[in-house]
Amino acid sequence: MSQGTALDRVRELLNPALLDLAGQESTANGYLDLLGEEPAASPVQWLMRSGFLPGIYERIWRPTVLGAMKGPFGPGTSQELALVGRMLELGPGDQVLDVACGPGNVTRALAGNVGPAGLAVGLDASATMLARAVRDTRTRGLDNVGYVRGDAVDLPFLPGSFDAIACLAALYLFEHPFEALAGMARTLRPGGRIAVMTTRRVPYGGPLNALVGVASGVRLFGDEEVVEALTGLGFSGVRHRAYGLVQFVNGRLV
Ligand SMILES: C[S@@+](CC[C@H](N)C(=O)[O-])C[C@H]1O[C@@H](n2cnc3c(N)ncnc32)[C@H](O)[C@@H]1O
């Protein structure tokens, strides 16, 4: 295991071929910043980038909004994190990537599963989310966590860098979600695990699907869509769990 800070360890995983700024990425804000100016955003993306949402995201926004979407029988936050931990089969020393990590709430939970020799990397495009992630991670004294400001659809890591990847509550925000999944598959080592949690189009829920889709502006995925995408990318044992308007899909790269 290499020595150095978490950011030093994250830097070793970056793919120099994909980076204009290889070796010169800014770390002034406590994360590796690989993006320049933020491009124009949809209303939901704008909210994610605002200074307001990161402050209330973990304690208020996520439990309320996702809780309502999961419905009364869906897992609460701690059950969900335990479920994702089991899906990813993390152990001491593993390297895990949290794609679209927001304020690092999931990243920090995953860090607890990989121990001090392991590494949890959170990637997000939002500077305000990452500022909060860095702050809350420092407060908790975690030194096996590092953050990258980058694009989930164009992951900047060397192929096979990670033992496991989580992408929770974010796939529906990406402009090209299936390209993003393909990038995650490339970034996993053979035998690596993936866990995706995203929106769901309720079967026979025509008006409800339309209402949620139009009101939020986010994409709702059919029950087969992510399963088929992961199977097509070479994942085995792909399993689907549905709770209301939310679905979890996991698998292992062959
Ligand atoms: C709802 S938060 C999810 C945070 C965390 N994964 C969770 O489960 O609570 C969605 C995050 O996706 C990020 N995001 C959206 N599109 C992105 C992209 N193309 N690249 C990187 N991050 C993106 C947003 O900035 C936001 O922080």
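We use all heavy atoms of the structure for the numbers below, so side chains are in, but hydrogens, waters and symmetry mates are not. The residues of the chain are indexed from 1 along the displayed sequence.
Counting heavy-atom neighbours within 6.0 Å of R239 CZ, excluding the residue itself, gives a total of 12 or less.
Partners of R241 under the side-chain hydrogen bond (donor to acceptor under 3.5 Å, both in side chains) rule, at least two apart in sequence or in another chain, are N250. Residues forming a salt bridge (Lys or Arg N to Asp or Glu O under 4.0 Å) with D223 (at least two apart in sequence, or on another chain): R200. In this structure, the ring-ring contact (aromatic ring centres under 6.0 Å, His included) partners of F157, at least two apart in sequence or on a different chain, are F162.
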(request) Determine, step by step, whether T27 and D33 satisfy the side-chain contact (heavy atoms from CB on, under 4.5 Å) criterion, reporting the C-alpha distance in whole Å, the side-chain angles of both residues, the deciding distance to 0.1 Å, and the verdict. (result) CA-CA 6 Å; T27 53; D33 193 343; over 6 Å; no

(request) Evaluate side-chain hydrogen bond (donor to acceptor under 3.5 Å, both in side chains) for D8 paired with T5, printing each intermediate quantity in order. (result) CA-CA 5 Å; D8 292 335; T5 67; 3.2 Å; yes

(request) Please step through salt bridge (Lys or Arg N to Asp or Glu O under 4.0 Å) for the pair R132 and E58, ending with a clear verdict. (result) CA-CA 10 Å; R132 180 75 188 204; E58 183 171 1; over 6 Å; no

(request) Report the C-alpha separation of L130 and C101 in whole Å, then their side-chain angles, then the decisive distance to 0.1 Å, and conclude whether the side-chain contact (heavy atoms from CB on, under 4.5 Å) test is met. (result) CA-CA 8 Å; L130 289 175; C101 63; 3.8 Å; yes

(message) Go through it in stages, so that I can follow the logic: the residues are R201 and E224, the test is salt bridge (Lys or Arg N to Asp or Glu O under 4.0 Å), and I'd like the CA-CA distance, side-chain angles, deciding distance and then a yes or no.
(response) CA-CA 10 Å; R201 205 161 49 231; E224 300 304 322; over 6 Å; no

(message) Apply side-chain contact (heavy atoms from CB on, under 4.5 Å) to residues I194 and L253 and explain how you reach the verdict.
(response) CA-CA 8 Å; I194 193 167; L253 194 62; over 6 Å; no

(request) Applying side-chain contact (heavy atoms from CB on, under 4.5 Å), run through V10 and L32 and close with a yes or a no. (result) CA-CA 8 Å; V10 177; L32 287 168; 3.7 Å; yes

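For the atom pair L155 CG and L13 CG, the distance stands at 12.0 Å (nearest 0.5 Å). The distance from the OH atom of Y57 to the OG1 atom of T128 is 12.5 Å, given to the nearest 0.5 Å. How far CG of L158 is from CZ of R186: 12.5 Å, rounded to the nearest 0.5 Å. The CE atom of M184 sits 11.5 Å away from atom CD of E179, with the distance rounded to the nearest 0.5 Å. Atom CG in N105 sits 5.5 Å away from atom CZ in R62 (nearest 0.5 Å). A distance of 11.5 Å separates CG in L110 from CG in L119, rounded to the nearest 0.5 Å.
Contact of the V196 side chain with the L168 side chain is not registered, since no non-hydrogen atoms from C-beta on lie closer than 4.5 Å. With a 4.5 Å cut-off on side-chain heavy atoms, R193 and M87 do not count as touching. Using a 4.5 Å heavy-atom threshold, the side chains of C167 and D98 count as separate. Residues V134 and N29 have side chains not in contact (no heavy-atom distance under 4.5 Å, counting atoms from C-beta outward). Two residues are said to be in side-chain contact when any heavy atoms from C-beta on lie closer than 4.5 Å; T198 and P177 fail this criterion. Between V114 and Q95, every side-chain heavy-atom pair lies at or beyond the 4.5 Å cut-off. For the pair L34 and D151, the minimum side-chain heavy-atom distance is 4.5 Å or more. Looking at heavy atoms from C-beta onward, R149 lies out of side-chain contact with D124 at the 4.5 angstrom threshold.
With hydrogens and angles left out, the side-chain atoms of Y147 and T107 include no donor and acceptor closer than 3.5 Å.
A distance-only check finds a donor-acceptor pair linking the side chain of E225 to the backbone of G222 [under 3.5 Å]. Side chain of R140 to main chain of R108: no donor-acceptor pair is present (N/O by atom type, distance under 3.5 Å, no hydrogens or angles). At least one donor-acceptor pair under 3.5 Å links the side chain of K70 to the backbone N or O of P75. In terms of modelled atom types and a separation under 3.5 Å, the side chain of Q79 and the main chain of G76 share a donor-acceptor contact. Checked by atom type and distance alone, the side chain of Q247 never pairs as donor or acceptor with a backbone atom of M197 at under 3.5 Å.
Between A127 and Y31 the shortest heavy-atom distance is CB-OH, 3.6 Å. Across all their heavy atoms, A170 and A100 have their closest contact at CB-CB, 3.3 Å. Of all the heavy atoms in A166 and V84, the pair that sits closest is CB-CG1, 4.5 Å. Residues P156 and L123 approach most closely at CD-CD1, 3.6 Å, considering heavy atoms. Counting all heavy atoms, side chain and backbone alike, P116 lies closest to R9 at O-NH1, 3.9 Å. The minimum heavy-atom distance between G30 and L7, with the atom names listed, is O-CD1, 3.6 Å.
With respect to the salt-bridge test (charged N to carboxylate O, under 4.0 angstrom), the residues E175 and R219 do not qualify. Under the 4.0 Å criterion applied to side-chain N and carboxylate O atoms, D163 and R189 are assigned as salt-bridge partners. Between R138 and D143 there is no salt bridge, since none of the side-chain N atoms of the basic residue sits less than 4.0 Å from a carboxylate O of the acidic one.
If you chain together hydrophobic residues whose side chains sit under 4.5 Å apart, V249 and V218 fall into the same group.
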